[in-house]
Amino acid sequence: MEAFTTHTGRVVPLRRSNVDTDQIIPAHWLKKVTRDGFEDGLFEAWRKDPEFVLNQPAHSGATVLVAGSDFGTGSSREHAVWALQNYGFKAVISSRFADIFRGNSLKNGLLTVVLPPETVERLWELTEADPTVEVTVDLVERKVLAPGVDAAFELDENARWRLLEGLDDISLTLREADSIAEYEANRPVHKPRTQTV
Amino acid sequence: MGRTLAEKVWDDHVVRRAEGEPDLLYIDLHLLHEVTSPQAFDGLRKSDRTVRRTDLTLATEDHNTPTLDIDKPIADPVSRVQLETLRKNCADFGVRLHPLGDVEQGVVHVVGPQLGLTQPGTTVVCGDSHTSTHGAFGALAFGIGTSQVEHVLATQTLPMSPFRTMAITVNGELPEGVTAKDLILAVIARIGTGGGQGYVLEYRGEAIEKLSMEARMTICNMSIEAGARAGMIAPDETTFAYLRGREHAPQGEDWDAAVDYWRTLRTDADAVFDHEVVIEAGELAPFVTWGTNPGQGAPLSASVPDPASFEDAGERLAAEKALEYMGLSAGQPLREVAVDTVFVGSCTNGRIEDLRAAAEVLQGRRVADSIRMLVVPGSVRVSLEAVAEGLDKVFTAAGAEWRHAGCSMCLGMNPDQLAPGERSASTSNRNFEGRQGKGGRTHLVSPQVAAATAVLGHLAAPSDLSALSDATPAGV
Ligand code: SF4
């Protein structure tokens, strides 16, 4: 995973709440067996509308998505995170994220930042009025900065450390091989097995 | 202080706990399907890793599988590649797979319980949000992303930060004609699609205790639709009776030891939940959704709400957009909404009791000429059982299509889809925009409401039919 420290970029203001993962990447894209090439599927249905914010040239090349509450609800598809990253997004800001989506994003180095609804509104107004405005998402200082905005955000220390260092979870867990083996040695025999090996 | 059911199961699976770090949890059962696993197996290959416990892992094919002509090669080349990739991955890594055509094939959340693999007090994960289904047995079961699938394959564990706990107590008895599906839709409408966020929901109370295992699975299945990580129901005699004798249920002395343990899996009297919700079952009625998220629902007897009636600006905007997408107007009685397609199936309502309930309503009646009705069993076993009971005949005699097992129109990754603008009454779990096909409009309903809707051509409950058949002889 790529490390995330701080990022500055322009914004796509997405004034919608309850953006589910079926909207972020529709099911027919899920037939792919790779982690890349999902950018054209991002918000596919909404992008048919020329007025849709992602289609506006003023927002092209933006790297920070600012969305309404309950972003990423629904399916557990990690493809939603890959689609956002493949398109070029580095961070998503919302007042609330669905749990699985948030977990998936942090595991892939896409920073999801929770800010109060008023701050989200402020960022929308700023970037709708002037799409060239840049926003800085600073994980080191745990702050989002924009003209007139200096908003602190929270992220649990462990997740933050993994992101800052770009650490791979599996290698970290494999350091615990002894504890896992010890746990396995004490599992009750009545636990189910799918096959005898 | 006492512990909740979720906390007990959690504590029993902690491999390692350290200050300031997530707990490392052991996973008892890892279920796989073709959609969320290919990139995980790829990751293993790249890092030269193996599957740590193939004996705790099981794969099925469900999302892409066709429900017609299953003996022919799959027409969609991309779907075919995905299924072939799963077959190759399972063969390479030694994972047990139930492919299309196998007698144990079906929707992953129907297959696990039916084999007896889903047991009380276990941790169950799958790269699929509806893994919450398995919580009906008192398992801690939750959906994970593909990176976590790879993590479990490699280590049989997951680093997890503890969930909060919420009790959903359902007092009293469900009125006649009101089902588990109506109950869970009402719960979601009450707490909202984000209301369960970060929580494990424990459903309890008299109405829950009276439910069959299959109805409990319907409830836990949709916990994710309230944003919750998992839903659970404490195991009891109903649970034990369901499990006894199943292929992977413990036997002999192991069974006794298991049941002794399972009986301890109840929330202690002095345990404290982080949040509690109380629902009176007696006040519930058949429930349907009118919008584009599962929280946008109302009793069937109600009308489409006026977006202006929502106080919260976000909800108001969401309702406006939903009505526009759904082609509905405020104040329209829900019973007058005409549909084109009826879908009975999915991991929410594709089990044998669901098919029986729908067949009972259709028995001696006809699906309206304007309606296409698809009945898709959740698994091949369910299908065989239905055929043995003659349910397939009831469906086909009524004019419905009897299909092969799979996810089918629940998400339309196979050819079973809604056309743009088409409207369905569906027993599945998600009414998101385009979920059942681009531009398709979905109303979530129970199997009983689905069947009555198929007969009348508009959203309806079985009680609407009896009123009719009193006047005209049944079957006419
Ligand atoms: S039936 Fe629907 S919800 Fe269930 S696993 Fe399949 S696609 Fe997902």
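Just so we're on the same page: letters track the sequence lines, and every chain starts at 1.
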Who wins among [options] for the most heavy-atom pairs under 4.5 Å with chain B?
{"options": "A/Asp169, A/Thr21, A/Thr73", "result": "A/Asp169"}
{"options": "A/Ser17, A/Ser179, A/Gly68, A/Ser75", "result": "A/Ser75"}
{"options": "A/Glu182, A/Arg102, A/Glu157, A/His79", "result": "A/His79"}

For [X] and [Y], work out which heavy atoms get closest and say how close.
{"X": "B/Glu433", "Y": "A/Gln23", "value": "O-NE2, 2.9 Å"}
{"X": "A/Thr173", "Y": "B/Pro159", "value": "OG1-CG, 4.3 Å"}
{"X": "A/Thr194", "Y": "B/Leu56", "value": "OG1-N, 3.7 Å"}
{"X": "A/Glu78", "Y": "B/Gly145", "value": "OE1-C, 3.1 Å"}

- Is there a donor-acceptor contact under 3.5 Å linking the side chains of B/Thr193 and A/Asn18? yes
- Donor-acceptor side-chain pairing of A/Thr34 and B/Gln39 below 3.5 angstrom: no
Are more than 12 heavy atoms from other residues, nucleotides or ligands located less than 6.0 Å from atom [atom1] of [X]?
{"X": "A/Glu154", "atom1": "CD", "answer": "no"}
{"X": "A/Glu51", "atom1": "CD", "answer": "no"}
{"X": "A/Lys191", "atom1": "NZ", "answer": "yes"}
{"X": "B/Gln251", "atom1": "CD", "answer": "no"}

Quick check on [X] against chain B: is it the side chain, the backbone, both or neither that has a heavy atom closer than 4.5 Å?
{"X": "A/Arg35", "result": "both"}
{"X": "A/Trp82", "result": "side chain"}
{"X": "A/Trp29", "result": "neither"}
{"X": "A/Ala27", "result": "both"}
{"X": "A/Thr196", "result": "neither"}

With only heavy atoms counted, which part of [X] is less than 4.5 Å from chain A, the side chain, the backbone, both or neither?
{"X": "B/Tyr261", "value": "side chain"}
{"X": "B/Arg435", "value": "both"}
{"X": "B/Thr122", "value": "both"}
{"X": "B/Arg96", "value": "both"}
{"X": "B/Asp28", "value": "both"}
{"X": "B/Val95", "value": "backbone"}
{"X": "B/Ile224", "value": "side chain"}
{"X": "B/Leu317", "value": "side chain"}
{"X": "B/Thr85", "value": "side chain"}
{"X": "B/Asp12", "value": "backbone"}
{"X": "B/Ile144", "value": "backbone"}

Basic-acidic side-chain contact under 4.0 Å: [X], [Y]:
{"X": "B/Arg430", "Y": "A/Asp20", "value": "no"}
{"X": "B/Arg52", "Y": "A/Glu184", "value": "yes"}
{"X": "B/Glu34", "Y": "A/Lys31", "value": "no"}

Heavy-atom pairs under 4.5 Å with chain A: which of [options] has the most?
{"options": "B/Gly227, B/Gly43, B/Ser47, B/Gly198", "value": "B/Gly198"}
{"options": "B/Asp254, B/Leu83, B/Asp42, B/Leu411", "value": "B/Asp254"}
{"options": "B/Pro22, B/Gly314, B/Ala318, B/Ser37", "value": "B/Pro22"}
{"options": "B/Leu115, B/Asn64, B/Leu158, B/Val35", "value": "B/Val35"}
{"options": "B/Gly434, B/Gly143, B/Ala258, B/Gly412", "value": "B/Ala258"}
{"options": "B/Glu253, B/Arg229, B/Glu21", "value": "B/Arg229"}

Residue pair [X] / [Y], side-chain heavy-atom distance below 4.5 Å:
{"X": "A/Lys32", "Y": "B/Gln82", "result": "no"}
{"X": "A/Arg77", "Y": "B/Thr146", "result": "no"}
{"X": "A/Asp99", "Y": "B/Phe142", "result": "no"}

- What do the steps show when you test A/Lys48 against B/Lys438 for side-chain contact (heavy atoms from CB on, under 4.5 Å), and what is the final call? CA-CA 12 Å; A/Lys48 299 243 153 70; B/Lys438 251 182 231 161; 4.0 Å; yes
- Should the pair A/Tyr183 and B/His13 be assigned to parallel (<30°), tilted (30 to 60°) or perpendicular (>60°) ring geometry? tilted
- Item | side-chain contact (heavy atoms from CB on, under 4.5 Å) assessment of B/Leu24 paired with A/Glu176 | CA-CA 9 Å; B/Leu24 189 62; A/Glu176 308 298 332; 4.0 Å; yes
- Taking it one step at a time, do A/Arg193 and B/Arg53 satisfy side-chain contact (heavy atoms from CB on, under 4.5 Å)? CA-CA 10 Å; A/Arg193 273 166 210 267; B/Arg53 295 294 299 262; 3.3 Å; yes
